[in-house]
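One structure is given here, and the rest of the page talks about it.
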There are 2 protein chains.
Amino acid sequence: MAGQAIVDKAMANSIERRSGVSLWRQIADQILHSIASGDFTENAALPAEMALAERYGVNRHTVRSAIAALVQEGVLRAEQGRGTFVLSRKRLSYPIGARTRFSAGLQGQASERRSVLLASAIEPASRRVAEGLRLAKGANVIRLEMRGEADGQPVSRATAWFEARRFAGIEAAMAETGSITASLERFSVSDYLRQSTVLSARHADAADLADLDLQPGAIVLVTVAVNVTPDGQPIQFAETRFPAERVELKLSAL
Amino acid sequence: MAGQAIVDKAMANSIERRSGVSLWRQIADQILHSIASGDFTENAALPAEMALAERYGVNRHTVRSAIAALVQEGVLRAEQGRGTFVLSRKRLSYPIGARTRFSAGLQGQASERRSVLLASAIEPASRRVAEGLRLAKGANVIRLEMRGEADGQPVSRATAWFEARRFAGIEAAMAETGSITASLERFSVSDYLRQSTVLSARHADAADLADLDLQPGAIVLVTVAVNVTPDGQPIQFAETRFPAERVELKLSAL
DNA sequence: TATAGTTGTCTATATCAATAGACAAATTTT
DNA sequence: AAAATTTGTCTATTGATATAGACAACTATA
């Protein structure tokens with residue numbers, strides 16, 4: 001039968017040449033993924049450079065480039081004569097469900113967490129935003145740009161749109177309270193639900209790199225969500241970007 | 001107060017040099033993302049090569065490399081003297097919820113869909129699998145490797161583990177029926193729920209590239225899920241990889 | 001202390017990635 | 001028909017990426 005087969009190439013970790021992604025970055029990504037998957041515990045020693053080079057079928061210097069990048073990112077620590085060690089950086093497990101708010105549910109994973117308002121603007125709604133909020137195309141909306149942080153490290157980057165007429169001044173409330181939930185309460189919105197969430201992934205763009213403090217080539221998880229009042233009226237349209245190397249999304253409370 | 005600011009650099013699409021990811025691949029990724037975001041409708045003309053080169057601040061030949069890659073992938077069609085056109089390839093929107101099964105919910109998006117068993121094996125459970133299925137570490141489990149297809153194009157790649165004793169022979173049932181749900185029914189499992197789903201993203205590895213027919217450098221969305229019977233007994237532990245350029249995940253029925 | 005194993009640094013070479021300019025070939029517009 | 005626009009092809013040059021080998025510096029261990 002079909003049984004017993006499968007080459008089982010040690011987790012099938014391999015590497016592609018002339019792909020547009022350099023070998024050292026592919027190797028760095030795989031090491032990051034191994035750490036996040038729990039293959040290495042905190043302070044564990046990585047295999048020696050020669051061993052890694054043989055495993056990936058590349059030159060030792062190529063492995064060194066990958067390690068250098070991860071040392072630069074603060075993921076690894078190399079010590080001459082001893083080895084290269086994992087500084088551990090477990091990924092935050094970010095809960096997503098019908099009532100997900102930022103910060104709620106991250107207890108115990110990070111000691112300090114907050115949301116910072118980066119900028120705001122009033123603009124006509126794009127087609128996508130207008131459809132999400134069920135507004136006429138071109139109606140004015142307020143856009144908020146925010147960054148979520150845990151223990152001083154950026155873990156999310158969100159752009160949120162609200163109907164300008166109904167939520168005039170929400171940017172001031174957000175700047176003051178640092179909380180979407182608290183800001184919405186000032187507009188008589190005591191409860192809201194996540195109506196829909198669409199998830200995708202892509203390479204980080206320049207703005208992501210800057211705001212999330214990422215290295216070029218990093219991957220971001222993207223959620224596009226519509227929040228509604230309990231009676232189904234849309235109040236917020238939001239796109240949030242999470243750095244894939246630091247965050248995983250846990251779909252809970254289904 | 002904070003209002004009116006924001007540079008608004010036209011969706012902040014920009015590009016990073018010496019990042020380990022070549023400029024042509026970054027540009028190709030952004031074009032793909034633009035198409036998936038609906039910036040271009042089917043058969044729409046892309047801006048001319050010179051215009052794109054100016055927009056990204058690169059040489060025309062670099063843009064040509066990006067376009068060549070996308071033509072190779074079947075996303076674009078270039079015609080001398082006329083322009084470069086989008087062949088459109090809308091992303092499938094793949095529903096995920098408490099009762100998500102493959103194929104369910106894709107009605108109307110693809111006319112033909114199926115799940116193919118690639119291989120199977122019996123092996124001792126890794127720590128991760130044992131914890132998910134609540135088995136003793138090292139207990140035997142059956143591993144199934146599957147590929148999901150829609151209209152002949154691969155849209156997912158799953159590895160699923162089942163307790164070997166309880167589900168002995170499930171690989172034969174799977175090969176025969178092509179359905180997890182149908183196979184489980186032979187073992188008296190008439191209903192099951194998704195207990196938890198954890199979501200992450202990474203670059204595709206060699207096995208992903210081969211099984212999902214992707215170009216090197218592509219991104220995959222990864223879900224790790226545990227399915228349980230209605231009374232909470234774990235029956236299936238699964239890791240599924242989706243090509244981010246072809247699939248988005250819609251979190252529904254929350 | 002000697003030895004083996006590890007990371008760090010150096011030189012050299014080949015290939016890929018990106019820039020630059022010129023012109024051909026095809027299409028659309030004037 | 002002519003001009004303008006667009007993609008296709010060619011040559012040449014520079015910098016980043018990857019390979020190769022040798023040896024230094026440091027650490028742990030026999």
- [ ] Rounded to the nearest angstrom, tell me the gap between atom CG in A:Leu76 and atom P in C:dT6.
- [x] 16 Å
TODO: Rounded off to whole Å, could you give me the CD-to-P distance for the B:Glu49 and C:dA20 pair?
DONE: 16 Å
Open item on the list: In the structure I gave you, are the side-chain heavy atoms of B:Val116 and B:Glu149 within less than 4.5 Å of one another anywhere?
Closed with: yes
Task: Any A:Leu221 side-chain heavy atom under 4.5 Å of A:Thr223 side chain - done: no
Open item on the list: Looking at B:Asp208 and B:Arg202, is there a salt bridge between them, counting it only when a charged N and a carboxylate O are closer than 4.0 Å?
Closed with: yes
Open item on the list: Counting only heavy atoms and a strict 4.0 angstrom limit, can you tell me which residues of residues 57-64 of chain A come near DNA chain C?
Closed with: A:Arg60, A:His61, A:Arg64
Distance-only check: which donor-acceptor pairs under 3.5 Å involve side-chain atoms of residues 78-86 of chain B, not counting sequence neighbours?
residue	atom	partner	partner atom	Å
B:Glu79	OE1	B:Arg82	NE	2.9
B:Glu79	OE2	B:Arg77	NE	2.8

Task: A:Val224 side chain reached by A:Arg128 side chain, heavy atoms, under 4.5 Å - done: yes
Open item on the list: Whole angstroms only, please: what is the CZ-P distance between B:Arg25 and D:dT17?
Closed with: 16 Å
Task: Member of A:Ile27, A:Leu70, A:Leu76 meeting the side-chain contact (heavy atoms from CB on, under 4.5 Å) criterion with A:Leu32 - done: A:Leu70
Task: Spacing of B:Glu79 atom CD relative to D:dT5 atom C1', expressed in whole Å - done: 15 Å
Open item on the list: Just the rounded figure in Å: distance from P of C:dT6 to CE of A:Met50.
Closed with: 10 Å
Contacts under 3.5 Å, N or O only, protein and nucleotides 25-30 of chain C:
residue	atom	partner	partner atom	Å
C:dA25	O4'	B:Gln80	OE1	3.3
C:dA25	N3	B:Gln80	OE1	3.1
C:dA26	O4'	B:Gln80	OE1	3.1
C:dT28	OP1	B:Arg82	NH1	2.8

TODO: Applying side chain to side chain contact (heavy atoms under 4.5 Å, CB included), name anything that partners B:Val198, two or more places apart in sequence or on another chain.
DONE: A:Glu248, A:Lys250
Open item on the list: Mind checking if A:Thr84 touches a base, just sugar-phosphate, or nothing, with heavy atoms under 4.0 Å?
Closed with: sugar-phosphate
- [ ] Take the protein atom CG of A:Leu46 and the nucleotide atom C1' of C:dT6, then report the distance between them rounded to whole Å.
- [x] 13 Å
Task: Closest-nucleotide 5' rank along DNA chain C - winner of A:Pro47 and B:Ser65 - done: A:Pro47
- [ ] With sequence neighbours excluded, tell me which residues meet side chain to side chain contact (heavy atoms under 4.5 Å, CB included) with A:Asn140.
- [x] A:Ile122, A:Pro124, A:Ala164
Open item on the list: I'd like to check the side chain to side chain contact (heavy atoms under 4.5 Å, CB included) partners of A:Ala69; sequence neighbours left out, ordered by chain and number.
Closed with: A:Trp24
- [ ] Mind calculating the distance between CD (A:Gln26) and P (D:dT17) to the nearest angstrom?
- [x] 13 Å
Open item on the list: Using whole Å, what does the distance between atom P of nucleotide C:dA17 and atom CH2 of A:Trp24 come to?
Closed with: 14 Å
